[in-house]
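Only one structure is covered here, and it is reproduced in the block below.
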Protein chains: 2
Amino acid sequence: MPVSAKGGRYHHGDLPAALVDAAIELIAERGVRGFSVAEASRRLGVSAAAPYRHFADRDDLLAAVAVRGLQVFAAMIAAEVDDAKDPSQRLAAMTRAYVRFAAQERPLFETIFRAGVDKSRYPELQRAWEPVDVLLDVVHEICVGDAAAADALALALEATAHGYAVMLLEDEPEAGPQEIAAAADRAAAATLAMIAGRAALSAPSHETPSHETPSRETLG
Amino acid sequence: MPVSAKGGRYHHGDLPAALVDAAIELIAERGVRGFSVAEASRRLGVSAAAPYRHFADRDDLLAAVAVRGLQVFAAMIAAEVDDAKDPSQRLAAMTRAYVRFAAQERPLFETIFRAGVDKSRYPELQRAWEPVDVLLDVVHEICVGDAAAADALALALEATAHGYAVMLLEDEPEAGPQEIAAAADRAAAATLAMIAGRAALSAPSHETPSHETPSRETLG
DNA sequence: GTCTATATCCCGATAGAC
DNA sequence: GTCTATCGGGATATAGAC
């Protein structure tokens, strides 16, 4: 820890970065909900006021964590995808990375998807998604010349990956490497299944009778 | 509002139920995170202490909301599924209901899936899942005599439905009936696609090279 | 079963000194 | 850029009266 030459008080070389790290640890232990700027400060041994020199408010710090998370996310996906040959295998690899990221970098996943940060307030956050989105463009190699089909497939695969990831975190919060790998493989298999059955994505769902569904009141 | 005959102080006929309702409204407005027992009391015009006669703590009340939510959830699914003929159509209908539930009963969905209530603490909460799980047994009519395949398919469909639901809430928090119906239809189509491609679910995913993935540190 | 009152704790954020 | 001090607010939960 660097110490200011002028007085006895110490400085962080980079308090903003230290705060992001502390936030991640804190979120890992208590969840996004249990995170507070005050506690992060305490852990770094700085005053509760210090963070506000660098982040406008709590959300501002969370947004920085999310940006950081998306960088890791994109890197994990890219690494996993790298050597896969055909488009389907690349997409399956993406899903595998998606699930792994959720499990291995849980606090980052939580911050990105559950912190409730208003994206429109943080353009850098929107920009941080781009590298991920680009990787999804592989779908066009599968649905050649049919942009609508490609979009539908991309959405379906995103939903599937996200679903497996979220369900893993909910059902097995303490999953070890073994379980994580197994879940990632199942998700990857589901990706291939979805691709195989993709013809049904564009087909009309044949009836939408618009039932009346029971409301809360009718069940009292 | 019923008033006690004895004094000037009023009672609720059913404060526990009133608290659950108030909680739902509050969660609808501010999300689970913004919910507090104190605010719910305030809205009902009772003291902040009153709820603790009926619920041990905040989580206890949230668990009650979740149970309520699961009843509605099961009812919505059952109603949508009712008249569908073949298993695939029934499963597609379930997915449609799943997504609709998330969008139309957002606070209940949030409470069930995001409130972070410790299920093991609330057996009634586990029991409330059963009616939903039973409906998923339709998969056995598709994967006849192959229990493993049926389980894999059930998981895949659950993940898909959940993924579409969560993504809808994240991407279009203000979705109207139109958008909701469209999203539900896309999810239903994805269900049919997954079923169509289900052969790939049991197939080995052919390679699991276990890359080294970049860690947080290497990106600093 | 509900109220009043209270104890205890924590948080976000700001002002002003150094 | 960080600190001290502080304001203002809200939460959970308990004790004891009615």
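To find a chain, count down the sequence lines: A is the first, B the second, and so on, and within it residues start at 1.
- Rounded to whole angstrom, the span from the CG atom of Leu61(B) across to the P atom of dA11(D) amounts to 14 Å.
- Using a 4.0 Å heavy-atom distance criterion, Arg53(B) is classed as a base contact.
- To the nearest angstrom, P of dT2(C) lies 11 Å from CG of Leu44(B).
- Of the residues Asp83(A), Val81(A), Thr191(A), the one that meets the side chain to side chain contact (heavy atoms under 4.5 Å, CB included) test with Arg90(A) is Val81(A).
- Taking atom CZ on Phe35(A) and atom C1' on dC10(C), their separation rounds to 14 Å, with Å as the unit.
- Ranking dC3(D), dT2(C), dG12(C) by closeness to the Val46(A) side chain, first place goes to dC3(D).
- Separating the OH atom of Tyr52(B) from the P atom of dA5(C) is a distance of 19 Å, rounded to the nearest angstrom.
- Nearest to the side chain of Arg58(A), among dC3(D), dG1(C), dG12(C), sits dG12(C).
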Yes or no on ring pair (Phe, Tyr, Trp, His ring centres under 6.0 Å) for His162(A) and Phe113(A), after CA distance, side-chain angles and deciding distance?
CA-CA 10 Å; His162(A) 198 73; Phe113(A) 291 108; 4.6 Å; yes
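- If you measure from atom CD of Glu39(A) to atom P of dC9(C), you get 15 Å, rounded to the nearest angstrom.
- With ring centers used as reference points, Tyr98(A) lies under 6.0 Å from Phe73(A).
- With Arg106(A) contributing its side chain and Phe101(A) its backbone, the two residues share no donor-acceptor pair below 3.5 Å.
- Nucleotide dC11(C) holds its P atom 18 Å from the CZ atom of Phe55(A), rounded to whole Å.
- Put simply, CG on Asp14(B) is 12 Å from C1' on dG1(C), counting in whole angstrom units.
- Listed nucleotides: dT2(C), dT2(D), dA13(C). Nearest to the side chain of Asp57(A): dA13(C).
- Annotation: of the two residues near DNA chain C, Ala49(A) and Ala49(B), the 5′-most nearest-nucleotide partner is Ala49(B).
- Of all nucleotides listed (dT4(D), dT4(C), dT2(C)), dT4(D) comes nearest to the side chain of Ser47(A).
- Ser36(A) comes within contact range of the sugar-phosphate backbone alone, with a heavy-atom separation under 4.0 Å but no base atom that close.
- Taking atom NE2 of His54(A) as the reference point, atom C1' of dG12(C) lies 17 Å away to the nearest angstrom.
- Sparse packing is recorded around CZ of Arg33(A), with 12 or fewer heavy atoms of other residues, nucleotides or ligands lying under 6.0 Å away.
- Contact between the side-chain N/O atoms of Arg33(A) and the OP1/OP2 oxygens of dA11(D) is not found at any separation under 4.0 Å.
- Between Arg30(A) and the phosphate of dC10(C), there is no side-chain N or O to OP1/OP2 separation shorter than 4.0 Å.
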